[in-house]
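Per chain, numbering begins at 1; letters A, B, ... match sequence-line order.
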Number of protein chains: 2
Amino acid sequence: MRMSEGVEWALHTCLNLAWAAADQSISATRLAAFYELPAPYLNKQLQSLVRAGILTSTPGPRGGFRLARPIERVTLMDVVAAIEGPGEAFRCTEIRSRGPGAAPESDNKPPCAIDQAMRRAELAWRRELAAQTLADVQEQVLRSAPDAPERTRRWLAD
Amino acid sequence: MRMSEGVEWALHTCLNLAWAAADQSISATRLAAFYELPAPYLNKQLQSLVRAGILTSTPGPRGGFRLARPIERVTLMDVVAAIEGPGEAFRCTEIRSRGPGAAPESDNKPPCAIDQAMRRAELAWRRELAAQTLADVQEQVLRSAPDAPERTRRWLAD
DNA sequence: GGGTACTTACTCGGATACGCAGTGTCCGAGTCTATGTGG
DNA sequence: CCACATAGACTCGGACACTGCGTATCCGAGTAAGTACCC
């Protein structure tokens with residue numbers, strides 16, 4: 001079970017957009033160059049964020065991407081769901097109702113106990129992701145590297 | 001991010017082994033037939049469980065698989081780790097230290113804030129998985145379908 | 001009748017193909033900007 | 001000098017190849033049981 005690498009890219013990029021001026025659009029090319037990432041592929045991920053309503057995109061020269069809303073209202077769950085999709089990691093295929101060991105019809109009504117247990121764990125994961133906003137992460141970065149914002153802002157403006 | 005289907009197979013199969021007599025080995029072929037699963041592939045998954053110390057295998061006629069220890073001491077985390085591997089879903093590739101936006105050397109010492117946040121969520125997931133044993137799931141099944149154990153035991157003994 | 005060697009059939013275990021999602025790349029539609037021209 | 005038309009360049013957006021992992025399968029090594037045979 002491996003999460004898409006695009007999630008890491010999207011999170012870092014959203015933070016970079018937060019450091020920059022709020023009313024400034026930054027092109028995918030420049031955002032990609034900041035980390036030496038393949039620009040077209042990052043663009044693909046950013047489009048997912050636009051579809052999810054996290055970013056807004058403006059075409060044409062001087063265009064690019066910007067945050068659709070303040071990062072205080074963007075949770076890690078939002079970004080993960082935008083990139084990875086809303087589907088759950090564990091998907092019960094109801095094998096209990098197949099084969100000679102299949103339970104009678106009446107027993108299929110109660111939910112699969114294994115599915116329930118796995119869902120409970122995954123719900124804890126999602127809850128933790130939803131509890132943390134990008135602003136929280138931003139604050140954490142500020143504490144460990146106070147000069148990061150200014151340095152990022154300068155490079156993006158260059 | 002999709003979890004391997006083998007996890008579901010492994011969990012159901014471990015419960016089936018728990019229903020059967022503890023000192024009885026059951027072959028992969030019969031375990032697979034119970035749900036009409038491809039026997040060789042299920043065998044592959046069971047081998048992972050053996051390597052993880054959850055099952056023990058005995059070759060030769062009348063051989064097969066059996067639980068290595070009572071299911072009270074087998075958590076969902078054990079099974080998931082055995083099939084999916086110990087690696088974490090989100091893996092920080094440290095893109096912050098690449099490219100022109102790379103932080104100075106001294107700033108690389110503090111851990112990546114994004115990595116920390118993602119680890120926190122994944123830790124909650126793992127904690128919830130480790131908190132539930134197969135015995136808990138078994139008990140849940142008993143409440144919703146009290147006749148399932150006897151039915152499973154009979155079919156496997158047939 | 002009892003012990004022994006052998007054959008047999010069945011089991012796990014690892015090595016081998018196939019398919020699909022994630023990864024990476026490319027080109028086209030749209031739009032703003034800058035320039036050159038005419039009034 | 002100002003307004004306008006035009007050409008240009010830059011942007012996003014979706015459509016097109018490639019790679020790696022998960023899926024599925026097969027065959028060989030090993031073992032216990034059952035059997036036939038000999039003492």
Side-chain angles (χ1 to χ4, degrees), chain A residues 1-10 13 17 23-33 35-66 68 80 82-91 93 95 156, chain B residues 1-10 13 17 23-33 35-66 68 80 82-91 93 95 156:
Chain A
M1 192 181 60
R2 208 174 94 253
M3 184 173 292
S4 171
E5 201 163 7
V7 172
E8 185 185 4
W9 300 1
T13 301
L17 285 173
D23 60 346
Q24 184 181 4
S25 285
I26 303 182
S27 72
T29 303
R30 185 164 299 180
L31 289 170
Y35 291 129
E36 284 181 352
L37 300 175
Y41 190 32
L42 178 64
N43 188 12
K44 183 186 179 70
Q45 314 292 354
L46 295 180
Q47 283 174 32
S48 296
L49 294 179
V50 170
R51 271 188 289 258
I54 298 173
L55 301 183
T56 60
S57 63
T58 59
R62 310 287 287 173
F65 297 90
R66 74 183 68 183
V80 171
I83 303 295
E84 291 287 335
E88 308 210 346
F90 180 87
R91 277 165 238 185
T93 59
I95 63 172
L156 289 176
Chain B
M1 191 181 60
R2 210 175 91 252
M3 183 172 295
S4 170
E5 200 164 4
V7 172
E8 185 185 4
W9 300 2
T13 301
L17 285 174
D23 59 346
Q24 183 182 4
S25 285
I26 303 182
S27 72
T29 303
R30 184 164 301 180
L31 288 170
Y35 291 129
E36 283 180 353
L37 300 175
Y41 189 33
L42 177 64
N43 188 12
K44 183 187 179 72
Q45 312 291 354
L46 295 179
Q47 284 175 31
S48 297
L49 295 179
V50 170
R51 271 189 290 260
I54 299 173
L55 300 184
T56 60
S57 63
T58 60
R62 311 285 288 172
F65 297 89
R66 75 182 68 182
V80 170
I83 303 295
E84 291 287 333
E88 308 209 346
F90 180 86
R91 277 165 240 185
T93 59
I95 64 172
L156 289 176

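Put simply, CD1 on A:I95 is 13 Å from P on D:dT23, counting in whole angstrom units. Rounded to whole angstrom, the span from the CZ atom of B:R30 across to the C1' atom of C:dC12 amounts to 16 Å. Rounded to whole angstrom, the span from the CZ atom of A:R66 across to the C1' atom of D:dC12 amounts to 14 Å. To the nearest angstrom, C1' of D:dT11 lies 12 Å from CZ of A:R62.
Listed here is the closest heavy atom pair of A:L156 and A:R30: O-NH1, 2.9 Å. In terms of heavy-atom proximity, A:R62 sits nearest to A:S25 at O-CB, 4.1 Å.
Applying the ring pair (Phe, Tyr, Trp, His ring centres under 6.0 Å) test to pairs two or more places apart or on separate chains, none has a residue in residues 45-66 of chain A.
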Under 3.5 Å, N/O pairs linking protein and nucleotides 27-30 of chain D:
none

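In this structure, B:M1 CE and A:F90 CZ are separated by 13.0 Å, a value rounded to the nearest 0.5 Å.
Remark: A:T93 engages B:E8 in a side chain to side chain donor-acceptor pair (under 3.5 Å) (not counting sequence neighbours). Evaluation of the side chain to side chain donor-acceptor pair (under 3.5 Å) rule for A:E88 yields A:R119 as partners, not counting sequence neighbours.
Under the 3.5 Å distance criterion, with hydrogens and angles disregarded, no donor-acceptor pair is assigned to the side chains of B:R66 and B:T56.
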How would you summarise protein contacts on nucleotides 18-26 of chain C per nucleotide, using B for base, S for sugar-phosphate only and - for none, with heavy-atom distances below 4.0 Å?
-----BBBB

Going by atom type alone, with no hydrogens or angles, which donor-acceptor pairs under 3.5 Å involve a side-chain atom of residues 42-55 of chain B and a protein atom two or more places apart or on another chain?
from, atom 1, to, atom 2, distance (Å)
B:Q45, NE2, B:Y41, OH, 3.1

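Within the structure, every side-chain polar atom (N or O) of B:R51 is placed at least 4.0 Å from both OP1 and OP2 of C:dC12. Look at A:Q47 and you'll find a side-chain N or O under 4.0 angstrom from OP1 or OP2 of D:dG14. Taking 4.0 angstrom as the limit, B:S57 places a side-chain polar atom (N or O) nearer than this to OP1 or OP2 of C:dG13.
Of the listed nucleotides (D:dC12, C:dT33, C:dC12), C:dC12 has the atom at the smallest distance from the side chain of B:S27.
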